[in-house]
Amino acid sequence: MLKSKQPKRRIFSGIQPTGNLHIGNYLGAIKNWINLQEEDDCIFSIVDLHAMTVPNNLPDIKNSTLEVAAAVIAAGIDPKKSILFNQSSVPQHTELAWIFNCIARIGWLNRMTQFKEKAGKKKDNATVGLFSYPVLMAADILLYRATHVPVGEDQKQHLELTRDIASSFNTNFYKSLNKDFFRLPEPIILGPAKRIMSLKDGKSKMSKSDISEGSRINLMDDRDIIYSKIKRAKTDQYPIPDTIDELDNRAEALNLINIYASFSNKSVNEILHQFSGKGFSEFKGSLSDLIINNVSPITKEMKHLMNNKDEILKILINGSIKAQKIANEVLTDIKKIIGFNFKD
Ligand code: AMP
Ligand code: TRP
């Protein structure tokens, strides 16, 4: 008898503990998690094993994991409502990844654009882990039989692969029954913040790895730094228009309006209506105030938590215990379905 239950709607998402978190991570990922936990059964993971895919990415993995956990908790993830844990404390992730490595095809992985971008020209020098990382991501999601996965647009292709693996498992291993074991997980891509762009170049994504500090606002930036980064953000000499169509070819202007809309939980059209005809110097003042009002309570709480690391560790350990319980049930079922059930 299989024991694991598939809930009506279960959310799983992960974030890598690499480097400074910025407002792109907050608006594109973490903020959406907070809203989901009110209604759904949510599991969120700091995916430290994923951070191993790039050599030298782990100068202080424990501290980076605690810092990202602090950001997630400070932003509003409530450990009483959601499960929050770090991936390496739940060994079932890697065990399921092996099983899925034997289901996924090299051709499927060869299509992954993120691998091509990250490996660059030196493909032979990339780790096997970087190549097979979407398989571990599929294991992360399916280990909890998650049905919905909030992600940024850049992760959509990995979710397609997860669906291919789930569907292949259903047909190749579970065909004796007329019900599928895995429901195919769906992406949740929310709000105007799908892609927050660099403050210096409206055509490239705001990113931790951009060498220009002025290209992003970090969650640890103080108010003076935020003011000065927004003041120096690239714009153009035209006023704010009435309609979104008039922002075509004005990528930097659109990006700042998008950031405003995301922080204020309004649509881009509402913001255009509010500021139409005004110049960017006035808009930038309001935008800085809005960002500071939203980010500074998070920064304050992150600092508090980073001075009380035991508090964060306790939350992660409790989360791991809860995650392991579900993971163990699902993996036991998967092993039974494959035929690895030597105990009963
Ligand atoms: P990364 O910083 O690439 O590890 O991404 C962590 C999470 O933040 C993922 O869910 C990304 O999709 C999201 N994310 C990263 N950068 C941005 C951005 N510039 N705009 C929106 N979401 C982002
Ligand atoms: N690959 C994701 C990223 O780089 C992080 C991630 C790992 C993830 N496992 C996941 C996201 C499972 C959603 C679900 O951002």
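In each ligand, atom 1 is the first atom listed, and ligand 1 is the first ligand listed. The model shown is predicted, which means the values in this text are computed figures rather than measured ones. One-based numbering along the sequence shown.
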**Student:** Could an N or O of ligand 1 be found under 3.5 Å from any N or O of Val151, whether backbone or side chain?
**Tutor:**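 Among all N and O atoms of Val151, none is under 3.5 Å from an N or O of ligand 1.
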**Student:** Taking non-hydrogen atoms only, is Lys208 closer than 4.0 angstrom to ligand 1 via side chain, backbone, both or neither?
**Tutor:**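 Answer for Lys208: side chain.
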**Student:** Relative to the heavy atoms of His22, which atoms of ligand 1 are at a distance of less than 4.0 Å?
**Tutor:**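 Checking each atom against His22, I get 16 (N).
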**Student:** Can you find a protein heavy atom under 4.0 Å from atom 3 (O) of ligand 1?
**Tutor:**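 No.
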**Student:** Check ligand 2 against Val47 and write out every atom of the ligand that is under 4.0 Å from a heavy-atom position of the residue.
**Tutor:**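 So the atoms of ligand 2 that pass are 7 (C), 9 (N).
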**Student:** When you measure from atom 14 (N) of ligand 1 to every protein heavy atom, which one gives the shortest distance, and what is it?
**Tutor:**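 Protein heavy atom at minimum distance: Asn25 ND2, 3.8 Å.
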**Student:** Taking NZ, NE, NH1 and NH2 as the nitrogens, is one of them in Glu252 or Lys234 under 4.0 Å from a carboxylate oxygen of the other?
**Tutor:**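 Salt bridge flag = yes for Lys234 with Glu252.
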**Student:** Only heavy atoms of Val149, strictly under 4.0 Å: list the atoms of ligand 2 that pass.
**Tutor:**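 Under 4.0 Å from Val149, ligand 2 has these atoms: 13 (C), 14 (C).
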**Student:** Looking only at N/O atoms, are His158 and ligand 2 under 3.5 Å apart anywhere?
**Tutor:**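 No.
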**Student:** So that I can tick it off, tell me whether Asp221 and Lys229 are bridged by a salt bridge, with the cut-off set at under 4.0 angstrom between side-chain N and carboxylate O.
**Tutor:**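 A salt bridge links Lys229 with Asp221.
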**Student:** Any cation-pi pair here, Lys118 with Tyr133, using under 6.0 Å and within 45°?
**Tutor:**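 Output yes; distance and angle both within limits.
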**Student:** Any idea which heavy atoms bring Trp108 and Met112 closest together, and the distance?
**Tutor:**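 Heavy atoms of Trp108 and Met112 come nearest at O-CE, 3.4 Å.
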**Student:** Out of Tyr144, Tyr133, Phe12, whose heavy atom is nearest to atom 4 (O) of ligand 2?
**Tutor:**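 Shortest heavy-atom distance from atom 4 (O) of ligand 2: Tyr133.
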**Student:** Of the protein's non-hydrogen atoms, which lies at the shortest distance from atom 19 (N) of ligand 1, and what is that distance?
**Tutor:**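 For atom 19 (N) of ligand 1, the nearest protein heavy atom is Ile196 O, 2.7 Å.
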**Student:** Using a strict cut-off of less than 4.0 Å between a Lys/Arg side-chain nitrogen and an Asp/Glu carboxylate oxygen, indicate whether Glu186 and Arg163 qualify as a salt bridge.
**Tutor:**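 No salt bridge links Glu186 with Arg163.
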**Student:** So which protein heavy atom does atom 12 (O) of ligand 1 come closest to, and at what separation?
**Tutor:**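 Going by distance alone, atom 12 (O) of ligand 1 is nearest to Asp154 OD1, 3.0 Å.
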**Student:** Which ligand 1 atoms, with their elements, are less than 4.0 angstrom from a heavy-atom of Gly28?
**Tutor:**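 It comes down to these atoms of ligand 1: 21 (C), 22 (N).
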**Student:** I need the contact type for Met197 against ligand 1. Using non-hydrogen atoms and a strict under-4.0 Å cut-off, is it side chain, backbone, both or neither?
**Tutor:**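 Contact part for Met197 vs ligand 1: neither.
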**Student:** How long is the straight-line distance from CD1 of Ile106 back to CG of Asn101, given to the nearest 0.5 Å?
**Tutor:**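 These two atoms lie 10.0 Å from each other.
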**Student:** For the residue pair Gln87 and Ser45, confirm or rule out a side-chain donor-acceptor distance under 3.5 Å.
**Tutor:**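 There is no such pair (donor and acceptor under 3.5 Å, judged by atom type) between the side chains of Gln87 and Ser45.
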**Student:** Is there side-chain contact between Phe100 and Leu142, with at least one heavy-atom pair below 4.5 Å?
**Tutor:**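 Touching, per the 4.5 Å side-chain cut-off.
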**Student:** Kindly confirm or rule out an N or O of Ser13 lying under 3.5 angstrom from an N or O of ligand 2.
**Tutor:**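 No, Ser13 has no N/O under 3.5 Å of an N/O on ligand 2.
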**Student:** Which residue supplies the protein heavy atom nearest to atom 10 (O) of ligand 1, what is that atom called, and how far is it?
**Tutor:**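 In this structure, atom 10 (O) of ligand 1 has Ala29 CB, 3.6 Å as its nearest protein heavy atom.
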**Student:** Kindly indicate whether the side chain of Ser286, heavy atoms from C-beta on, has any atom under 4.5 Å from the side chain of Tyr260.
**Tutor:**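 With C-beta onward as the side chain, the pair touches.
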**Student:** Charged N to carboxylate O under 4.0 angstrom, Glu38 versus Lys81?
**Tutor:**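 Looking at Lys81 together with Glu38, the answer is yes, because their closest N to O distance falls below 4.0 Å.
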**Student:** Please report whether ligand 1 has a polar contact with Ile15, defined as an N or O pair separated by less than 3.5 Å (distance criterion only).
**Tutor:**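 Min N/O separation from ligand 1 is not below 3.5 Å for Ile15.
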**Student:** Run the numbers for me: atoms of ligand 1, each under 4.0 Å from some heavy atom of Gly152, listed by number.
**Tutor:**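 Checking each atom against Gly152, I get 10 (O), 12 (O).
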**Student:** Between Leu21 and Ala71, which heavy-atom pair has the shortest distance, and what is it?
**Tutor:**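 Minimum heavy-atom contact is CD1-CB, 3.3 Å.
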**Student:** Report the part of Arg195 (side chain from C-beta onward, or backbone N, CA, C, O) that has a heavy atom under 4.0 Å from ligand 1; answer both or neither where that applies.
**Tutor:**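 Just the backbone.
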**Student:** For ligand 1, is any non-hydrogen atom under 4.0 Å from Leu21's backbone (N, CA, C, O), its side chain (CB onward), both, or neither?
**Tutor:**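 None of Leu21 does.
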**Student:** Tell me the protein heavy atom at minimum distance from atom 23 (C) of ligand 1, and give that distance in Å.
**Tutor:**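 I find the closest protein heavy atom is Gly24 O, 3.4 Å.
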**Student:** So, does Gln155 sit close enough to ligand 1 that a heavy atom of it is under 4.0 Å from the ligand?
**Tutor:**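 The answer is no: ligand 1 sits nowhere under 4.0 Å from a heavy atom of Gln155.
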**Student:** Provide the number and element of each atom of ligand 2 under 4.0 Å from a heavy atom of Asp140.
**Tutor:**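 What qualifies from ligand 2 is 7 (C), 9 (N), 10 (C).
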**Student:** My understanding is that we take every heavy atom of each candidate and find the minimum distance to atom 2 (C) of ligand 2. Doing that for Lys118, Gln155, Gln16, His93, which one comes out nearest?
**Tutor:**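 Heavy atom nearest to atom 2 (C) of ligand 2 belongs to Gln155.
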